[in-house]
Amino acid sequence: ALRVDAMAAFLRREIARTDAAHVTGIGYSNGANILAAMAMAEPDIFDAMVLMHPLIPWLPDPQPELAMTRVLITAGRADPICPPGMTQGLADWFTAQKADCLLAWHPGGHEVPQSEIDAVRAFLV
């Protein structure tokens, strides 16, 4: 929670400093966890998010302000750190919030193969 608050404060300062009209967050593993938790707490920061191998081990409260936020979740079907069921549950949660959530699987584990990079590239275009 401390890291989420600190990152949100940092981003808000940078958004104000740069007058950014759109903000896309990209995080891998624990970075994806912090990014997702930040969006759950402060949904107005990001227009889009790329969550690579996230693990959210709790059921978040509903967050209707995430409606229409673009979200890409990437994951490995054999990931020993982020079990596929939990990944699917997070994607389902974002979908239930009416976010535009895409889920890109690869057959491997916690590594980032080229297919995952290709999915991120396609999402960001």
Side-chain angles (χ1 to χ4, degrees):
L2 292 174
R3 296 291 177 235
V4 168
D5 292 344
M7 181 61 78
F10 167 78
L11 285 174
R12 290 200 185 281
R13 284 191 306 273
E14 287 302 302
I15 291 166
R17 184 183 67 78
T18 63
D19 199 29
H22 301 284
V23 178
T24 298
I26 301 174
Y28 169 74
S29 196
N30 196 44
N33 301 343
I34 293 171
L35 182 61
M38 192 172 10
M40 292 166 184
E42 301 197 38
D44 63 319
I45 291 179
F46 300 104
D47 300 294
M49 293 180 288
V50 175
L51 305 174
M52 302 171 73
H53 301 263
L55 174 63
I56 301 299
W58 72 89
L59 180 61
D61 292 333
Q63 185 48 271
E65 290 181 56
L66 285 171
M68 304 308 297
T69 301
R70 295 179 62 234
V71 180
L72 172 65
I73 297 175
T74 63
R77 292 212 180 265
D79 192 329
I81 298 169
C82 302
M86 293 182 84
T87 301
Q88 184 65 58
L90 181 61
D92 293 344
W93 181 86
F94 274 110
T95 299
Q97 309 318 303
K98 307 288 191 255
D100 180 11
C101 185
L102 303 170
L103 182 53
W105 293 102
H106 66 81
H110 204 64
E111 72 279 358
V112 179
Q114 186 63 47
S115 64
E116 194 168 343
I117 293 168
D118 293 343
V120 172
R121 180 182 299 122
F123 178 79
L124 294 174
V125 172

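Quick note: residue numbers are just sequence positions, from 1. Note that the coordinates shown come from a computational prediction; the quantities given were computed from them, not determined experimentally.
- Side-chain contact check for W105 versus L103: some heavy-atom pair is nearer than 4.5 Å.
- For H106 (side chain) and E111 (main-chain N/O), a donor-acceptor pair under 3.5 Å exists by modelled atom type.
- L102 and M52 fall within the same hydrophobic cluster, defined by Ile, Leu, Val, Met, Phe, Trp and Tyr side-chain heavy atoms under 4.5 Å apart, directly or through other members.
- Once rounded to the nearest 0.5 Å, the distance linking CE of M40 with CG of L90 reads 5.0 Å.
- Other residues, nucleotides and ligands contribute over 12 non-hydrogen atoms within 6.0 Å of the CZ atom of R12.
- In the hydrophobic clustering of this structure, V4 groups with V23; members are Ile, Leu, Val, Met, Phe, Trp, Tyr whose side-chain heavy atoms approach within less than 4.5 Å, directly or through other members.
- The side-chain heavy atoms of D79 and P84, taken from C-beta on, include no pair separated by under 4.5 Å.
- Taking the side chain as every heavy atom from C-beta outward, L11 and F46 approach each other to under 4.5 Å.
- When side chains are defined from C-beta on, P43 does not count as touching T69, because their heavy atoms never get closer than 4.5 Å.
- Here the CG atom belonging to L35 is positioned 6.0 Å from the CE atom belonging to M49, to the nearest 0.5 angstrom.
- If you take CZ on R70 and CG on L124, they are separated by 7.5 Å, rounding to the nearest 0.5 Å.
- Considering only heavy atoms from C-beta on, Q88 stays 4.5 Å or farther from W93 through its side chain.
- Sparse packing is recorded around CE of M7, with 12 or fewer heavy atoms of other residues, nucleotides or ligands lying under 6.0 Å away.
- By the 30° and 60° cut-offs, the orientation of the rings of H53 relative to Y28 is perpendicular.
- Contact detail for A78 and P107: the closest heavy-atom pair is CB-O, 3.7 Å.
- At least one side-chain heavy atom of I56 sits less than 4.5 Å from a side-chain heavy atom of P60.
- Note that CG of N33 and SG of C82 are 6.5 Å apart. Values are rounded to the nearest 0.5 Å.
- Nearest heavy-atom pair across D47 and A21 is OD2-O, 3.8 Å.
- For the side-chain contact (heavy atoms from CB on, under 4.5 Å) criterion with L72, the lone passing option out of V120, I26, T24, L51 is V120.
- Distance alone, capped at 3.5 Å, is enough to place a donor-acceptor pair between the Q97 side chain and the Q63 backbone.
- M68 places none of its side-chain heavy atoms less than 4.5 Å from the side chain of D100.
- Across all non-hydrogen atoms, the minimal contact from P83 to L55 is CD-CD1, 4.1 Å.
- Under the 4.5 Å side-chain heavy-atom criterion for grouping Ile, Leu, Val, Met, Phe, Trp and Tyr, W58 is connected to L66 within one hydrophobic cluster.
- Side-chain contact between S29 and H110: present, with at least one pair of heavy atoms (C-beta onward) separated by less than 4.5 Å.
- Atom CD of residue E42 and atom CG of residue D5 lie 7.0 Å apart, to the nearest 0.5 angstrom.
- For the side-chain hydrogen bond (donor to acceptor under 3.5 Å, both in side chains) test, residues two or more places apart in sequence or in another chain that qualify with T74 are E116.
- In this structure, CD1 in I34 is found 10.5 Å from CG in L2, a value given to the nearest 0.5 Å.
- Cluster membership for I45 and V71, using ILVMFWY side-chain heavy atoms within less than 4.5 angstrom, is shared.
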